[in-house]
Amino acid sequence: MSKKIQPIILLTGFLLVSGCNNDTQSNEPNNQHMMNQQSNEGNHHMMDDSTMEHGHMSHDNVVSLKDSTGVNELNIPPLLTSDATDRTEYTIKAQTGKVDILDGMTTETLGYNGDLLGPVLQFKKGETIKINTINELDQETTFHWHGLEVPGEADGGPHTTLSPGEKEQIEFKVTQEAATLWFHPHPEGKTSEQVYKGLAGLIYIEDSNSAKLEIPKEYGKNDIPLVFQDRIFDEQGQLDYKAVMNEDGTIGDTLLVNGTVNPVLPVEKEQVRLRLLNGSNARNFTFKLNTGESFVQIATDGGFLNEPVTLNEVTLTPSERAEIIIDFSQLNSTNDLSLINEDGSILLPFDVSNQEADSLKTSEKLNDFAVTDEEENMPVTKNIELFGMMEHVEINGKKFDPERIDFTQEQGVTEVWEIYNKKDMMGGMIHPFHIHGTQFKIVSRDGVEPKEYEQGWKDTIAIHPGEKVKIAIQFKHKGVYMFHCHILEHEDNGMMGQIEVK
Ligand code: C2O
Ligand code: CU
Ligand code: CU
């Protein structure tokens with residue numbers, strides 16, 4: 001027993017040294033995180049009483065989400081329409097809003113072209129897109145296109161802030177394949193708060209392949225966007241970020257899906273495609289059906305898998321996406337059916353109508369993604385080491401410095417990076433590692449080929465404590481791009497670096 005208590009003493013020491021503002025320390029030994037470091041069901045170290053209120057109990061025991069009661073029909077964000085018919089030009093405003101999210105209370109929020117979250121932007125491969133970005137907030141922001149392959153100056157990283165009232169037009173050509181991407185702000189040190197309060201939206205890229213595939217495509221009917229975000233509402237129904245913020249990643253007990261609390265999704269007895277985005281600051285989700293029945297995954301962050309992969313669950317860390325298809329005509333029973341997470345919390349109940357829709361046969365061949373022999377055998381040319389927790393997070397021993405370029409790479413040249421999540425004395429946590437301006441391929445995880453459902457384009461990869469992953473990565477455009485942990489508080493705390501593509 002005394003051996004087991006020791007790490008807690010070390011942790012307490014570490015917290016005191018770290019100057020973390022949690023004043024109560026727990027006497028309760030809880031060292032589960034030491035034992036189950038590969039678990040993806042949670043990612044937090046904290047276990048003292050004050051942070052427990054803020055959602056952190058331990059590395060493997062994050063506060064549970066309240067079950068969705070299913071009283072509110074899921075909000076489906078609008079599709080943004082072009083400013084003109086002869087070209088694709090969009091206008092996106094970051095603004096403040098007020099929404100009655102909870103019963104009888106009005107929450108102050110942020111949103112794009114609306115009160116909360118944003119519309120869905122649709123791009124076609126090959127098109128030139130103009131976007132007029134407008135900052136109507138009373139603070140600086142940026143417009144970052146997560147997963148989009150664009151020149152550095154259009155990427156919306158922390159160097160390209162818009163002051164209150166400022167506008168900027170960006171222009172780029174869409175060169176990548178069909179995928180579900182997203183956009184969100186990225187001002188240095190302020191990303192987590194702005195996303196938390198509601199700034200995020202989805203981007204759909206379509207191409208000739210996605211047009212011809214047999215997959216559900218009717219927006220809002222059988223092709224459903226789903227943005228999952230956990231939040232903490234105070235007694236006044238507000239999202240008081242500063243009061244609940246946790247340096248190691250802010251975790252809430254209340255789930256919003258597309259901004260809807262207690263959502264329900266009406267569907268027909270047909271195949272339904274769910275485009276899942278983990279839009280949380282820090283919480284990981286393992287999505288499953290409450291019946292344990294299977295579904296297929298058809299896409300990763302940046303494109304389709306080669307073929308549908310049958311799974312019983314899919315795990316997404318912050319900013320990762322997956323597209324899945326659930327065949328509601330094939331399930332044993334459609335009563336009390338819901339999407340749940342790893343601890344059985346009801347995330348999204350389905351209201352399945354008796355309406356049998358025309359059944360469709362999902363295409364067996366979706367894409368032609370491959371890691372080449374050359375990529376498999378390429379030497380590692382960049383090493384990245386992720387380390388730390390709370391404010392003490394770093395990459396290769398350093399914190400973000402906007403004046404420092406950490407790496408350079410040549411445009412159009414593939415390199416293999418090795419990313420290592422170095423354990424700390426508490427065992428460590430999963431860091432979702434993201435790179436701007438490109439989609440990459442996973443070559444291996446600890447020397448082993450990735451599972452089928454990760455054999456597709458990625459822009460974020462969950463790296464487990466002690467794990468080393470190799471990725472093959474190429475940038476199509478020039479510019480300065482960020483790479484960082486997508487636990488937004490880690491990003492804001494400096495777990496970020498820069499690469500210049502020349
Ligand atoms: Cu989702 Cu630096 O980005
Ligand atoms: Cu990004
Ligand atoms: Cu991290």
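None of the values given here were measured: they were computed from a predicted structure. The chain is numbered in sequence order, starting from 1. When a ligand or atom number is given, it counts from 1 through the structure's own listing order.
- Comment: Glu320 engages Lys458 in a salt bridge, judged by a side-chain N to carboxylate O separation of less than 4.0 angstrom.
- Remark: of the listed residues Glu247, Glu391, Lys399, His392, Glu247 is the sole one forming a side-chain hydrogen bond (donor to acceptor under 3.5 Å, both in side chains) with Asn493.
- Of the options Glu491, His144, His484, a side-chain hydrogen bond (donor to acceptor under 3.5 Å, both in side chains) to Thr191 is made by Glu491 and by none of the others.
- At a cut-off of 2.8 Å, His436 does not coordinate atom 1 (Cu) of ligand 1 through any N, O or S atom.
- Sorting the N, O or S atoms of His431 by how far they are from the Cu ion (ligand 3) puts ND1 first.
- Figure legend: cation-pi geometry between Lys468 and Tyr420, with NZ or CZ positioned under 6.0 Å from the six-membered ring centre and within 45° of its axis.
- Closest N/O/S atom of His490 to the Cu ion (ligand 3): ND1.
- Atom 1 (Cu) of ligand 1 is closest to atom ND1 of His146 (considering only N, O or S atoms).
- Aromatic ring centres of Trp182 and His434: separated by at least 6.0 Å.
- Rounded to 10°, the angle formed at atom 1 (Cu) of ligand 1 by NE2 of His486 and NE2 of His184 is 110°.
- Here the angle at atom 2 (Cu) of ligand 1 defined by NE2 in His484 and NE2 in His186 stands at 110°, rounded to 10 degrees.
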